[in-house]
Amino acid sequence: MAKLTKLEDIVSLCKRRGFIFQSSEIYGGLASCYDYGPLGVELKNNVKKAWWKSVVQMRDDVVGLDCSILMHPMVWKSSGHADKFADLIAECKKCNTRTRVDHLKEEAAEQADEHTEHVDIDTVAAQAQDLSKKLCPNCGVVGQFTEPMPFKLMFETQMGANVDDSMTMHLRPETAQGIFANFRNVLDTTRVRIPFGIAQIGKSFRNEVTTKAFIFRTREFEQAELEFFCEPGTDEHWFEHWKEARFNWYLDLGLKKENLHFREHDSDELAHYAKGCVDVEYRFPFGSGDWQELEGIANRTDFDLRQHQRGIRTLNKWYESKGYITRIELADEAAEYLKGPLSYFDDQKKQRYIPYVIEPSAGIDRSALAFLVDAYDEEQVRGETRNLLRFHHALAPVKAAIFPLVKKDGMPEIATNIYNDLKKYFNCFYDQKGAVGRRYRRQDEAGTPFCITVDGQSLEDNTVTLRERDSMEQTRVSTGQLLSHLREKLDI
RNA sequence: GCGGGCGUAGCUCAGUGGUAGAGCGUCACGUUGCCAACGUGAAUGUCGUGAGUUCAAAUCUCAUCGCCCGCUCCA
């Protein structure tokens with residue numbers, strides 16, 4: 001069984017094997033930022049590939065998209081992020097514990113809600129916060145709080161080199177809004193009919209108040225999101241459909257069932273726009289063995305598309321405000337909003353409506369880490385510990401390693417030829433140095449499912465040894481059949 | 001941000017004021033020839049960074065950066 005019981009073990013493994021490094025390490029590191037090394041980038045790319053294949057390519061009802069990270073500032077006004085994607089936090093002077101102001105309860109009140117909406121930063125921050133009767137949830141002292149401090153959760157940047165007329169922009173805190181902003185484009189150009197989805201993988205940025213959990217909660221992270229548009233009334237059905245589909249995706253890629261479960265959100269925990277939400281959680285082996293979220297699947301209703309219809313009607317006000325998006329009010333919803341530009345006309349029912357949206361939103365970095373941790377294994381072989389990563393074939397960074405048994409008698413030449421042939425089809429690795437047993441074990445640690453060894457017999461009958469990672473079993477395969485044999489086994 | 005722990009070779013760590021170390025890993029050569037073998041040899045350190053104290057700092061002091069646990073948050 002795996003012996004990764006602490007986060008440090010995982011960090012160490014990731015570095016030692018070249019999966020994940022701290023960003024800017026030679027400068028002492030940059031908090032909350034991480035780089036993927038040679039094996040890590042292959043793993044991460046494979047995770048993304050597997051997601052894209054499952055969510056887009058294998059389905060007839062989902063199309064892909066790749067939006068810019070920077071978007072029109074009004075996108076974030078409409079989505080609610082500009083006003084509400086911020087937390088107001090007060091610190092207890094007694095015990096220095098920080099608590100979200102909206103989580104504070106008065107004396108003798110019951111325990112604070114675990115999850116409430118983000119605050120409207122401009123309005124609430126402006127109001128005098130009376131915390132004199134509030135209870136510190138940590139030490140129980142009443143009314144000993146600092147002034148509430150606002151935390152802006154969106155990264156700001158400037159667009160335009162000329163400082164005088166540059167515009168404040170935001171790095172997207174989620175990829176979803178780019179999909180909503182392109183809903184009309186996709187509808188008009190791809191002949192999709194509801195129900196259908198638009199999928200996207202890309203970087204998002206959130207100025208989290210605290211990070212600190214390796215690549216688990218970083219300020220820059222990669223999401224794989226699907227917005228699945230459906231007719232109101234069918235949303236429950238599709239919610240269940242995607243719950244199942246997404247859960248099975250993790251299982252199919254090898255995550256152990258006992259480490260994966262759903263966590264339903266309570267109704268008071270839901271975001272203001274969501275009708276339902278469930279998390280897919282993975283039980284990481286570190287800490288208290290806590291379940292941590294890999295993906296959230298939400299029923300976002302018609303909230304986002306309706307909001308953007310309001311946003312479109314607010315554009316003039318935005319121009320007049322010279323771009324200060326928090327100073328303007330979003331225009332009221334049109335009475336005829338069901339027929340607005342982001343509505344959908346159902347040809348069969350001869351009916352116009354704003355679609356409901358089911359959103360499975362997965363964290364790529366988190367998933368990659370879960371796959372890595374779940375694949376890690378140690379076993380005893382002849383008194384020695386064998387470390388290996390039992391990656392699903394689709395996720396393995398390297399699919400096959402090719403060795404000459406020894407560095408002579410023409411074996412390197414034959415092995416090189418095989419390597420040059422196979423690498424056209426999948427990621428391969430060639431190694432001729434040192435004892436072959438050591439080379440096998442090295443590949444075990446990288447999670448390479450197959451090793452191919454050219455030996456003395458190869459010179460006589462054109463067969464090679466095919467050694468399998470998980471069982472260490474060896475079979476002889478003729479070089480002519482090697483490619484088709486591997487492609488079948490690897491399902492490539 | 002606050003509290004606690006920590007930062008020395010790629011990794012794990014020893015080294016508490018006096019010449020920078022070990023194991024593993026890496027590389028080379030020899031031997032071996034299908035599972036981390038053996039022998040010999042080699043490379044690799046701004047001791048996280050900066051300042052201070054001192055004849056002398058990895059070691060003491062201060063600041064700073066980063067990591068882990070907690071508060072918090074969430075994909």
Side-chain angles (χ1 to χ4, degrees), chain A residues 6-18 21-34 37 87 89 91-100 103 114-115 118 136-139 146 149 151 153 173-176 203-204 206-219 221-225 271 279-281 286-288 292-298 359-367 381-387 403-409 411 433-445 451 453-457 465 467 469 472-474:
Chain A
K6 287 185 294 193
L7 190 53
E8 280 111 300
D9 295 339
I10 296 165
V11 174
S12 169
L13 172 80
C14 286
K15 174 155 193 195
R16 192 169 62 242
R17 300 300 313 167
F21 307 124
Q22 167 111 59
S23 169
S24 314
E25 202 186 72
I26 60 166
Y27 286 105
L30 180 63
S32 171
C33 294
Y34 292 90
D87 286 333
I89 285 179
E91 200 168 288
C92 175
K93 291 173 188 166
K94 187 91 177 174
C95 67
N96 290 317
T97 302
R98 282 174 160 189
T99 311
R100 273 170 58 172
H103 283 183
E114 213 173 80
H115 213 99
H118 293 293
C136 174
N138 186 50
C139 66
T146 59
M149 315 171 267
F151 282 80
L153 300 187
E174 63 176 23
T175 62
K203 288 277 180 93
S204 292
R206 295 181 190 174
N207 245 329
E208 301 288 351
V209 177
T210 54
T211 52
K212 299 189 179 179
F214 194 38
I215 64 167
F216 213 82
R217 186 167 59 252
T218 50
R219 296 198 167 112
F221 61 103
E222 193 144 23
Q223 295 183 297
E225 292 195 299
D279 291 339
V280 178
E281 293 191 327
F286 49 79
S288 47
Q292 307 271 9
E293 179 184 2
L294 297 180
E295 170 160 355
I297 301 160
E359 178 196 77
S361 173
I364 291 292
D365 309 86
R366 293 177 172 190
S367 302
V381 179
R382 287 167 211 159
E384 295 276 353
T385 301
R386 184 170 83 113
N387 298 324
F403 312 140
L405 182 62
V406 290
K407 203 167 45 175
K408 58 186 179 187
D409 300 335
M411 292 180 201
K433 290 173 189 166
V436 75
R438 179 180 293 263
R439 284 179 266 162
Y440 285 148
R441 296 299 177 85
R442 231 185 246 135
Q443 292 305 313
D444 288 340
E445 275 204 312
C451 291
T453 302
V454 173
D455 56 17
Q457 195 180 329
T465 297
R467 182 261 195 188
R469 176 194 67 203
M472 296 196 293
E473 275 172 17
Q474 301 188 1

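In what follows, chains carry the letters A, B, and so on, assigned in the order in which the sequence lines appear, proteins first and then strands, with residues in each chain numbered from 1.
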CZ-OG1 distance between A/Arg206 and A/Thr218, expressed to the nearest 0.5 angstrom
10.0 Å
Within the 4.0 Å heavy-atom criterion, would you say A/Lys203 contacts the bases, only the backbone, or no part of the nucleic acid?
nothing
Working to the nearest 0.5 Å, report the span between CD of A/Glu281 and CD of A/Glu295.
12.0 Å
A/Gln22 has its side chain closest, among B/C68, B/C74, B/G66, to B/G66
Looking only at atom P, what distance separates B/A14 and B/G70, rounded to whole Å?
23 Å
Look at the side chain of A/Val381 and decide which nucleotide, out of B/C68, B/C35, B/A28, has an atom nearest to it.
B/C35
For B/G3, which nucleotide in any strand shown is its Watson-Crick or wobble partner with both distances under 3.5 Å?
B/C69
For nucleotides B/A20 and B/U59, find the distance between their C1' atoms and express it as a whole number of Å.
12 Å
Give one of base, sugar-phosphate or nothing for A/Phe21, where a contact means two heavy atoms less than 4.0 Å apart.
nothing
Find the distance A/Asn387:CG to B/C24:C1' and express it as a whole number of Å.
12 Å
Measure from the side chain of A/Val436, starting at C-beta and using heavy atoms only, and say which of B/G33, B/C35, B/C34 lies closest.
B/C34
For B/C35, does either OP1 or OP2 sit under 4.0 Å from a side-chain N or O belonging to A/Gln474?
no
By nearest heavy atom, map A/Lys407 and A/Ser12 onto RNA chain B; which one lands nearer the 5' end?
A/Ser12
Could you measure between the two C1' atoms, the one in B/U26 and the one in B/G33, and give it in whole Å?
22 Å
So does A/Arg441 get a side-chain nitrogen or oxygen closer than 4.0 Å to the phosphate oxygens (OP1/OP2) of B/G25?
no
Does A/Ser204 put a side-chain nitrogen or oxygen below 4.0 Å from OP1 or OP2 of B/A75?
no
Within the structure provided, determine whether A/Gln457 and A/Leu405 are in side-chain contact (heavy-atom separation under 4.5 Å).
no
Between A/Phe214 and A/Tyr34, what is the ring plane arrangement, given parallel below 30°, perpendicular above 60°, and tilted in between?
perpendicular
Can you tell me how far apart NZ (A/Lys433) and CZ (A/Arg442) are? Round to the nearest 0.5 Å.
9.0 Å
Span that lies between the C1' atom of B/U44 and that of B/C38, in whole angstrom
24 Å
With rounding to the closest Å, how many angstrom separate the C1' atoms on B/A51 and B/U46?
15 Å
Separation of A/Glu359 atom CD from B/A75 atom C1', in whole Å?
9 Å
Is B/G50 paired to anything, Watson-Crick or G-U wobble with both distances less than 3.5 Å, and if yes, which nucleotide?
B/C62
Once you apply a heavy-atom cut-off of 4.0 Å, does A/Gln457 come out as touching a base, just sugar-phosphate, or nothing?
nothing
Report yes or no: is there a donor-acceptor pair, N or O only, under 3.5 Å between the side chain of A/Tyr27 and the base of B/C65?
no
How is A/Thr453 classified with respect to the nucleic acid when contacts are heavy atoms under 4.0 Å: base, sugar-phosphate, or nothing?
base
Regarding A/Arg16, tell me which of base, sugar-phosphate or nothing describes its non-hydrogen contacts under 4.0 Å with the strands shown.
sugar-phosphate
Between A/Glu222 (CD) and B/C74 (C1'), how many Å, whole number?
17 Å
Would you mind classifying the nucleic acid contact of A/Thr465 as base, sugar-phosphate or nothing, using non-hydrogen atoms under 4.0 angstrom?
base
In whole angstrom, give me the gap between the C1' atoms of B/C13 and B/G25.
14 Å
Within-4.5 Å side-chain heavy-atom neighbours: A/Arg366 and A/Glu293
yes
Remember a base hit wins even if backbone is also touched, and classify A/Asp365 as base, sugar-phosphate or nothing at under 4.0 Å, heavy atoms.
nothing
Rounded to whole Å, the CZ-C1' distance (A/Arg17 to B/C11) equals 11 Å
Can you figure out which of B/C34, B/C67, B/A75 approaches the side chain of A/Arg366 most closely?
B/A75
Separation of the P atoms in B/A42 and B/G23, to the nearest angstrom:
14 Å
Please determine whether side-chain contact (heavy atoms from CB on, under 4.5 Å) holds for the pair A/Phe403 and A/Arg467, giving the CA-CA distance in whole Å, both sets of side-chain angles, and the decisive distance to 0.1 Å.
CA-CA 11 Å; A/Phe403 312 140; A/Arg467 182 261 195 188; over 6 Å; no
Does the aromatic ring of A/Phe221 sit over the six-membered base ring of B/A75, closer than 5.5 Å centre to centre and tilted less than 30°?
yes
Paired nucleotide for B/G45 [Watson-Crick or G-U wobble; both distances under 3.5 Å]
none
With side chain to side chain contact (heavy atoms under 4.5 Å, CB included) as the test, pick out the partner of A/Cys451 among A/Met472, A/Arg469, A/Gln443.
A/Gln443
Phosphate-side-chain proximity, A/Arg438 and B/A37, N/O vs OP1/OP2 below 4.0 Å:
yes
Select base, sugar-phosphate, or nothing to describe what A/Ile26 touches, counting heavy atoms under 4.0 Å on all strands.
base
Which part of the nucleic acid, if any, lies within contact of A/Ser367, taking any heavy atom under 4.0 Å across all strands shown: a base, the sugar-phosphate backbone alone, or nothing?
nothing
Applying the Watson-Crick and G-U wobble criteria at under 3.5 Å, what pairs with B/C13? Answer none if nothing qualifies.
B/G21
Judged by each residue's nearest nucleotide on RNA chain B, which is more toward the 5′ side, A/Glu445 or A/Gly434?
A/Gly434
d(A/Ser32 OG, A/Asn207 CG) to nearest 0.5 Å is 9.0 Å
A/Arg442 side-chain N/O to B/C35 phosphate OP1/OP2 under 4.0 Å:
no
Can you identify which nucleotide, out of B/C27, B/G66, B/G33, has its nearest atom closest to the A/Lys433 side chain?
B/C27
Applying a 4.0 Å non-hydrogen cut-off, can you work out what A/Leu294 is touching in the nucleic acid: base, sugar-phosphate, or nothing?
sugar-phosphate
Taking B/C73, B/A37, B/C11 as options, the one with an atom nearest any side-chain atom of A/Arg217 is B/C73
Pairwise C1' distance, B/G10 and B/A63 [rounded to whole Å]
30 Å
Would you say the side chain of A/Arg467 and the base of B/C35 hold a donor-acceptor pair, judged only by whether the two atoms sit under 3.5 Å apart?
yes
Using Watson-Crick geometry (N1-N3 plus N6-O4 or O6-N4) or G-U wobble (N1-O2, O6-N3), each under 3.5 Å, B/C38 is paired with B/G30
Would you classify A/Asp444 as touching base, sugar-phosphate or nothing, given that sugar-phosphate means primed atoms plus P, OP1 and OP2, and contacts are heavy atoms under 4.0 Å?
nothing
